[in-house]
Each structure stands twice: as C-alpha cells, then as structure tokens.
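Structure record follows, encoded as structure tokens.
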Amino acid sequence: MGEQVRVRIAPSPTGDPHVGTAYQALFNYAFAKGRGGKFILRIEDTDQARSTKESEDAILESLRWLGLQWDEGPDIDGPHGPYRQSERLAIYRQHAESLLKAGHAYRCFCTRERLDKMRTRQGPDTGYDRHCRNILPAESDKRASAGQPFVIRMKIPGEGVCVFQDLLRGEIRKDWALVDDQIIIKSDGFPTYHLAVVVDDHLMGITHVIRGEEWINSVPKHVKLYEYFGWDLPIFCHLPLLRNKDKSKLSKRKNPTSINYYRRAGFLPEALLNYLGLMGWAMPDGEDKFTLQQMLANLQLEKISLGGPVFDVDKLRWLNGRYIREDFSPRALQEKLESWALNRERIGRIIPLVQPRLETLADWGHLTAAFFADEVPFDPQQLKIKGKAPQEVAEILQFSVWRLEEQGGFSAKALDALFRNMAVTLELKLRDLLAPFFVALSGRRVWTPLFDSMEILGSDMVRMRLRRAIEALGGVSGKKLKKLEKEYSVLFGRRD
RNA sequence: GGCGCCAUCGUCUAGGGGUAAGGACACCGCCCUCUCAAGGCGGAGACACGGGUUCAAUUCCCGUUGGCGCUACCA
C-alpha cells in the first residue's frame, strides 16, 4: 500500500472562473477520490498586478457549484496551510535563500532596459544571457544590501539533457541548453510560478501533479528545483488542452469560457461536469452520461487520450437536455427552475424595472424574456450607432467588453459611470452609444433601463451577448484586434 | 524561427498486428405524432501522407506534413 494520493487544483485568481480550471479540477478530484485520496485547492496569487479577491471568490464559488469540494484550501484549514501563495511569501524567500547559499541560484541585477536590449540584439530565441551569474557572492550581497533591486534566478546546466516521465506520454527529454535561467523570485519579492509550485507541491505532500499540457516545457525547471532541494519528484501527468473549434487553446473570444456563464445560461453542474469528463476520456462501457461517482470509480488516468479535445457546446446542450429530461420529476424541475432564476429575489429585482412599462400583466412575458434567456435573437441591422459604420460599432462593442472585463463590480451605478465616461471619450451622445447595447442584450431597440438590466443579467451573460453581437457585425479579426488594443489603451488607459 | 507535445468520421471517442474499424453529438431520411421537441429505426461519414518491420499494418518504428503549446520579473 503506497502513500495516500494527494492532488491539487491551483488556479490563478486573475479573471472569470474558467471551464479549463473546472476540467483540471474534475480530473484531479476524480482521480484522488477514486482512490481515497485528498483534493487540495491552492490559490496561486503571486501575480500582484492581476490577482483579485473577487476572482478568487468567484473561483471558489463556481467549484462549489460544480460539487468539487476540496479537503484543504484557503477556507478549509489543513496541516499544510496557508493555501494562498501570497500568504506563504516567507516560505518561498527562505527556500530561495537556501538555493542562493548553496550556489544553485543567484541575484540578477539586470534592468528591464538591459534585458530588452539584450533580446533585440540576440533575437527572441535565446534566453537570459546569464550576465549576472558570475557576480561574486560578496559583491552580490553588497549590492543587495545597498538597496539595488534584483531578482533571483536559478542556475540551469549549460549542457546535457533533462529526462523525465509523464504519466501519459512516457519519457520526455529536453536539452538543458534550451532552458533559461528562470527567475524564481521577482523584484517585488514574490516568487514566480516555478518556485512556488515546486515548494508548495512538495510541502503539501502532492503525489500527482495533474495539470494542463501548457506546462510540459517548464518541467525541466521544476525537476532541477526538486533536485536542488533534494526532494523526490511527484508523478507528472499533463492533460490535453481544451480547444476552440479552430483547435486553438480554448479562449473566451471564441467560446464561452466562464463557468458563471454556463450557470446563468441554464446548464446543470452535473451535466457540465459530465461533459468535461468526456473530454479525453470515456467510460469503459462507452456510455456518455455518467455521474461524478461513476467517473471516479472508473477513471484511469492512463486511458486519457491526448489529442486536444474541441469543446462542443452543442453536445453539452444535448447532454444537459438528457439530465433535464431523465433526472427530474416535474416537481423537482420546478424547484430547479426556481432556484435558477424564477425566484422571488430575482423577480423582485425585475419588477421595479417593468412595472412602469406594463399595460397589462401579460406584457410581463415579452418584456422580461431576455432576463431568462441565453441567446437573444436580434436583427444585426439594428446594431447601429448614428453616424458609425457597422465595423466601427463592432469596435465600440469590443471596447465595452474590455471595459466591462476590467470593471470590478457590476452595479448599475458603476455601469452608469462607465458608459457616461465612454460616451465622452468616444464623443458620442450617451443615447446613441447605448442603442446597440439595447439590441445586443435584449434583442429589441427598447427595453427596461439598460444599466439596471445589465446588473440583473450579470457580467458574464452581458459580455457573452455583446460578443455575439460583435460576431454578427462581422467580428474583429486577430490583426485588427492588435490595432484596436492600441487604440483602446490610448483612449481608456492601459489594458493587459 | 527554436524547442516540446499531439494526430481514428465535421466534433467527442472505442479499439488495436488479421475487425464489416464500434458508439455518441451534429447532419439527412423514415416511423410515431395536433405542432415542435423527445423517442424508435435507417443513412452518409474516419484510421493525414511516405517509407520501413512483419505472412499481415489503422495499430509497432522512422521520416514528412499538419495542428497545438511554450519561448515574460503571467500563470
């Protein structure tokens, strides 16, 4: 009997809770629970600029909604806490110090300017030129204590080849010469992913590192760190990446990726989970519909197929339909509908908006339909702003999507300010600017007050409908997007 | 560009040296039916290409091509 299985999901709280996170969480969870192991949630918030508490809360909430309950996490203390990396800074610093002392790492005092210059000089292919690698320790200490800013880099061998095992792919090898002297502590004192993940996975007793394929190329860095620390390697298992229809990595521009969107659009957590379970894996009997319990009882990681699966909303809808038809009595469905949207709370928020516009009680139906829908049908011809070409309207909608993404809260008041500001910036009358939003969000030119309605609809659904409108206007191509981003940063300030 | 990973119907997949290459979504047709769904039945639809290995390759090996990913003081 080997040691107990311990796995983790380690999301970075930098945006909407992503279905890719749910996908990774599902396989980690099912693997651990299938063999009496533990499933740990760790928040990787080492990017100070992009991490937010709202995002973290949303991620926890959506994983709970899916029913993937963790055994240890930021809100459930365990023997290896804290489970938020920003609260573990001392641990990383201490480990970085030990590498420094052992000569496995060094301070790098290079400025951004020097690095930029170096890169343009030698092209983008070669990594850091190891300029600071040979600074004598005494000298390094002196400069550091003199207050000169620095990062800490790990030493990577100049030659030889790194060989490691991936549970699904077998042996993988990569020349050390192609690996960079990775920064492990940033100048703000925070660790980068590579240090933090290795230290935490070890300290938290993680036995199987199950994560996305995008990490394969950094495994050598991790392997080296394990070696420097004298720790045993966990088992690496890199899952394929979920894809858009065009096979690129699943992205919100081409697909709904926010778990909250699916929730709002009326998908059931068990159906979404089941669908995700079909990505790269199949039940032994080939049955498409299965419960989490059945999945964890049957999951064998080795059986996962490696072609990147395309996320097909149509099949998800079909599966979701099966759950609705097969697993609910009319009574149970009624309750489900009530908890989803047909409840006093939600209807209570809508009433004040429609009451002034009601001539008969029956007008309720068409006036509020958009609040209970996923897609709303609209006539693309009506997505107009006075004096603007359709393509310009699409660009303005794209700007608004970006602005809304940056928007912390989603209150009517904040939206009011946001759109007024946008109207001024774009030199448009608010009324003209808003016209296509009414159409995109409700399918009609007139609706209940926009900002209040948006608040009720929620950020995810609003942005989804705006993206659909952008598509209907011919979309924004990749090339065009770059240009637009520049324009955007001029008009509204930097965006990342 | 460099490096890494990957490759069965349009999509998700099963399979594996000798199969009629199986299932599901989507699509088409028929049945059921007050409509539409659902359901039933049927249809069309795949082993990327080229070399090996072998009595025999879709399956094993190599190459090509293609796709994706990584190439940040982001994860």
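Keep in mind it's a predicted model, so treat the numbers as computed, not measured. By convention in this document, chain letters (A, B, ...) are assigned in the order of the sequence lines, proteins followed by strands, and residues within each chain are numbered from 1.
In this pair, A/Phe492 and A/Tyr488 present their aromatic rings tilted. The plane angle is within the 30 to 60° band. Aromatic ring pairs are classed by plane angle as parallel below 30°, tilted from 30° to 60° and perpendicular above 60°; the pair A/His202 and A/Trp231 is parallel. Classified by interplanar angle (parallel below 30°, tilted 30° to 60°, perpendicular above 60°), the ring pair A/Phe27/A/Tyr23 is perpendicular.
Within 4.0 Å (heavy atoms only), A/Gly286 reaches no atom of the nucleic acid at all. Within the nucleic acid shown, A/Val310 comes within 4.0 Å of sugar-phosphate atoms alone, with no base atom in reach, counting heavy atoms only. Contact annotation for A/Cys110: base contact, defined as any heavy-atom pair under 4.0 Å involving a base atom. Looking at heavy-atom distances under 4.0 Å, A/Ile172 makes contact with sugar-phosphate atoms alone, never a base. Residue-level contact check: A/Lys249 touches the backbone only, with heavy atoms under 4.0 Å from sugar-phosphate atoms and none from bases. Among the heavy atoms of the strands lying under 4.0 Å from A/Lys303 are primed sugar atoms or P, OP1, OP2 only; no base atom is included. Within 4.0 Å (heavy atoms only), A/Gly280 reaches sugar-phosphate atoms of the nucleic acid but no base atom. Heavy atoms of A/Arg243 sit under 4.0 angstrom from primed sugar atoms or phosphate atoms, though from no base atom. A/Thr14 comes within contact range of no nucleotide atom at all, as no heavy-atom separation falls under 4.0 Å.
Comparing the P positions of B/A26 and B/A21 gives an interatomic distance of 26 Å, to the nearest angstrom. Using C1' as the reference atom, B/A24 and B/U33 are 26 Å apart when rounded to the nearest Å. Taking atom P in both B/G10 and B/G45, the straight-line distance is 11 Å, to the nearest Å. Rounded to a whole angstrom, the distance from the P atom of B/U8 to that of B/G1 is 23 Å. B/C47 and B/C12 are spaced 16 Å apart, taking the P atom of each and rounding to whole Å. Taking atom C1' in both B/A75 and B/U59, one finds a spacing of 38 Å when rounded to whole Å. Comparing the C1' positions of B/A57 and B/G17 gives an interatomic distance of 6 Å, to the nearest angstrom. Spacing between B/C25 and B/G63 at atom C1', rounded to whole Å, works out to 36 Å.
At a cut-off of 3.5 angstrom, counting only N and O atoms as typed in the model, there is a donor on one side and an acceptor on the other between the side-chain of A/Ser187 and the base of B/C73. For A/Arg169 against B/C5, a side-chain-to-base donor-acceptor contact under 3.5 Å is absent. With hydrogens and angles left out, the side chain of A/Lys315 and the base of B/A26 share no donor-acceptor pair within 3.5 Å.
The CD-P distance, from A/Glu213 to B/G67, rounds to 16 Å in whole Å. Rounding to whole angstrom units, CH2 of residue A/Trp318 and P of B/G39 are separated by 9 Å. For the pair A/His194 NE2 and B/A75 C1', the computed distance is 8 Å after rounding to whole Å. Counting to the nearest Å, the P atom of B/C12 and the CD1 atom of A/Ile304 are 16 Å from each other. At whole-Å resolution of the value, CG in A/Asp312 and P in B/C12 are 8 Å apart.
Between A/Trp70 and A/Tyr83, a ring centre-to-centre spacing not shorter than 6.0 Å is recorded.
The side chain of A/Met279 approaches B/C12 more closely than any other nucleotide in the set B/C12, B/G2, B/C73. Nearest to the side chain of A/Asp47, among B/G69, B/A75, B/A26, sits B/A75.
With a cut-off of 3.5 Å on both pairing distances, the Watson-Crick or G-U wobble partner of B/G4 is B/C68. Base pairing of B/G50 is made with B/C62, judged by Watson-Crick or G-U wobble geometry with both donor-acceptor distances under 3.5 Å. Pairing partner, B/C55: B/G18, with both Watson-Crick or wobble hydrogen-bond distances short of 3.5 Å. Checking B/C34 for Watson-Crick or G-U wobble geometry (two distances, each under 3.5 Å) identifies no partner in any strand. Across the strands present, B/A24 finds its partner in B/U11; the criterion is a Watson-Crick or G-U wobble pair with both atom distances under 3.5 angstrom.
Taking 4.0 angstrom as the limit, A/Thr192 places none of its side-chain polar atoms (N or O) nearer than this to OP1 or OP2 of B/C74.
Residue pairs meeting the ring pair (Phe, Tyr, Trp, His ring centres under 6.0 Å) criterion with at least one member in residues 263-294 of chain A, sequence neighbours excluded: A/Tyr262-A/Phe267, A/Tyr275-A/Phe311, A/Trp281-A/Phe290.
By the 6.0 Å contact criterion, CZ on A/Arg468 is enclosed, its count of non-hydrogen atoms from other residues, nucleotides or ligands being greater than 12.
Taking CG from A/Leu333 and CG from A/Asp327, the interatomic distance works out to 11.0 Å, rounded to the nearest 0.5 Å.
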